[in-house]
Amino acid sequence: MALVLVTGATGFIGRRLSAELVAAGHEVRAMTRRPAAYDGPGTAVAGDVLDAGTLGEALAGVEVAYYLVHSLSSSRFEAEDAAGANAFGEAAAEAGVRQIVYLGGLGADGDSLSPHLRSRREVETLLGAAGVPVTTLRAAIVVGHGGISWEMTRQLVDVSPVMVAPTWAATLTQPIALADAVAYLVGVLDHPDALGRTFEVGGADVLSYGQMLQRAAAVQSGRDVPIVSVPVPQRGLVGGAVTLASSVGLAALTDVDLATGRHLLGSMSTEVVVTDDAIRAVVDLEPMGYEDMVRLALGDRLRAGETL
Ligand SMILES: NC(=O)c1ccc[n+]([C@@H]2O[C@H](COP(=O)([O-])OP(=O)(O)OC[C@H]3O[C@@H](n4cnc5c(N)ncnc54)[C@H](OP(=O)(O)O)[C@@H]3O)[C@@H](O)[C@H]2O)c1
């Protein structure tokens with residue numbers, strides 16, 4: 001059993017991860033910028049990755065650290081995420097942390113990566129620059145109650161009788177259930193074959209974003225949502241204008257804020273599917289299919305007292 005720091009412990013994934021780590025017998029320190037407001041599993045500790053001076057105390061004695069921080073809602077997310085990862089990697093090395101586990105984004109390296117996915121990729125390298133072995137899990141959308149990308153999907157199919165989608169409707173993606181993503185995160189902890197390695201993780205189904213929306217609508221309300229695809233480029237001036245217009249529409253139709261919507265939509269032209277299944281040799285898990293994860297997310301929503 002280990003003393004584990006979970007950054008992003010108040011977040012969608014961090015909250016569930018902290019609960020599973022406590023259940024597995026680990027001692028969990030839950031890092032947040034607002035420890036007084038923390039009511040989740042583990043013991044709250046103050047820490048801000050953009051204020052390096054706060055990290056020494058949070059990391060003192062920590063054996064394994066999870067890095068689940070991002071600043072997607074900031075217009076300066078690339079600079080902030082790089083600075084945060086740098087500071088955290090250095091503080092972790094100083095504290096003698098033996099493993100950092102990071103959840104990043106899927107997608108092949110190269111020019112086609114969106115700024116958001118490029119930034120997630122850069123964080124992988126920066127976290128380990130001071131010498132702590134990093135285990136990276138790369139995932140596409142994580143489906144679960146409260147997840148920003150999933151809530152965007154749910155609210156879109158909820159309000160739209162017909163979806164007008166640009167070319168990203170055909171882009172392939174491989175969503176993963178929150179429970180499975182968390183099981184992988186727990187499974188690589190202190191695993192000798194996971195140190196310093198990058199793994200791709202995904203659910204059982206590869207779908208286009210269009211199919212994802214349609215199947216979510218079918219599970220959610222038994223409705224058929226026709227998708228009308230409009231062939232506009234994702235990049236360049238026209239593509240930028242379309243992404244901006246779409247994100248304004250998205251912000252109007254859903255709870256997602258404009259900056260986050262814009263960054264997420266900008267990533268939807270990148271194919272995000274698993275191409276390497278090396279994780280199977282490390283964590284024994286049969287990930288669930290899309291309809292099952294949607295049912296679980298909707299069930300958790302009802303249990304949280306909200307309506308469908
Ligand atoms: N959600 C998905 O579908 C998905 C898919 C693939 C990968 N991921 C990755 O999984 C990770 C977690 O995602 P999530 O959806 O759980 O995020 P989330 O719900 O938006 O939570 C983000 C967390 O970041 C923390 N944070 C932000 N700025 C911080 C700072 N300066 N210092 C310390 N903490 C800070 C926040 O904590 P406080 O506000 O309490 O400080 C919050 O708990 C991210 O790295 C993301 O890229 C997510």
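Just so you know, ligand 1 is whichever comes first in the structure, and atom 1 is the first atom listed for that ligand.
Among protein heavy atoms, atom 32 (N) of ligand 1 sits closest to V49 N, 3.0 Å. Atom 4 (C) of ligand 1 has its closest protein heavy atom at V142 CG2, 3.8 Å. Distance from atom 48 (C) of ligand 1 to its nearest protein heavy atom, with residue and atom name: I13 CD1, 3.6 Å. With respect to atom 42 (C) of ligand 1, the closest heavy atom belonging to the protein is T10 OG1, 3.6 Å. Looking from atom 7 (C) of ligand 1 to the surrounding protein, the closest heavy atom is G104 O, 3.4 Å. Shortest contact from atom 6 (C) of ligand 1 to any protein heavy atom: A140 O, 3.3 Å. Protein heavy atom closest to atom 35 (C) of ligand 1, with residue, atom name and distance, is V69 CG1, 3.6 Å.
Under a 4.0 angstrom heavy-atom cut-off, D48 registers as being in contact with ligand 1. In this structure, A139 is part of the shell of residues with a heavy atom less than 4.0 angstrom from ligand 1. At a 4.0 Å cut-off, not a single heavy atom of A181 sits close enough to ligand 1 to count as contact. The closest approach between a heavy atom of A37 and any atom of ligand 1 is not below 4.0 Å.
Considering backbone and side-chain atoms together, I148 places no N or O closer than 3.5 Å to any N or O of ligand 1. In terms of polar-atom proximity, L103 is counted as a contact of ligand 1, with an N or O under 3.5 Å from an N or O of the ligand. Taking any N or O of M31, backbone or side chain, none lies under 3.5 Å from an N or O belonging to ligand 1. At least one N or O atom of R34, backbone or side chain, sits closer than 3.5 Å to an N or O atom of ligand 1. For ligand 1, none of its N or O atoms has an N or O atom of Y67 under 3.5 Å away.
Neither the backbone nor the side chain of S71 has a heavy atom within less than 4.0 Å of ligand 1. When non-hydrogen atoms are compared, ligand 1 lies under 4.0 Å from the side chain of R120 (C-beta onward) but not from its backbone.
V101 places none of its side-chain heavy atoms less than 4.5 Å from the side chain of L189. Inter-residue side-chain proximity for L68 and F12 is flagged as unmet; no heavy-atom pair is nearer than 4.5 Å. Two residues are said to be in side-chain contact when any heavy atoms from C-beta on lie closer than 4.5 Å; L5 and V45 meet this criterion. In this structure the side chain of Y67 never reaches within 4.5 angstrom of the side chain of V134, judged on heavy atoms.
The environment of CD in E27 is sparse: at most 12 heavy-atom neighbours from other residues, nucleotides or ligands sit within 6.0 Å. Around the CD atom of E57, the shell of radius 6.0 Å holds no more than 12 heavy atoms that belong to other residues, nucleotides or ligands. Counting heavy atoms of neighbouring residues, nucleotides and ligands inside a 6.0 Å radius, atom CG of D276 exceeds 12 of them. A 6.0 Å sphere centred on CD of E94 holds no more than 12 heavy atoms belonging to other residues, nucleotides or ligands.
Under the 4.5 Å side-chain heavy-atom criterion for grouping Ile, Leu, Val, Met, Phe, Trp and Tyr, V28 is connected to V64 within one hydrophobic cluster. Cluster annotation: V272 is not connected to Y184 through the hydrophobic network of ILVMFWY side chains, with a link wherever side-chain heavy atoms come within less than 4.5 Å. One hydrophobic cluster, built from ILVMFWY side chains closer than 4.5 Å, holds both M31 and L127.
Residue G47 has at least one heavy-atom neighbour below 4.0 Å for each of these atoms of ligand 1: 33 (C). The ligand atoms of ligand 1 that sit less than 4.0 angstrom from a heavy atom of T32 are 38 (P), 40 (O), 41 (O). Listed by number with element, the atoms of ligand 1 under 4.0 angstrom from any heavy atom of F12 are 1 (N), 15 (O), 16 (O), 19 (O).
Taking the six-membered ring where the residue is Trp, F77 and H116 present perpendicular rings, their angle passing 60° and hence far from 30°.
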| task | Please lay out, stage by stage, how R15 and D39 fare under the test salt bridge (charged side-chain N to carboxylate O under 4.0 Å, His left out). | result | CA-CA 10 Å; R15 185 168 282 262; D39 62 354; 3.4 Å; yes

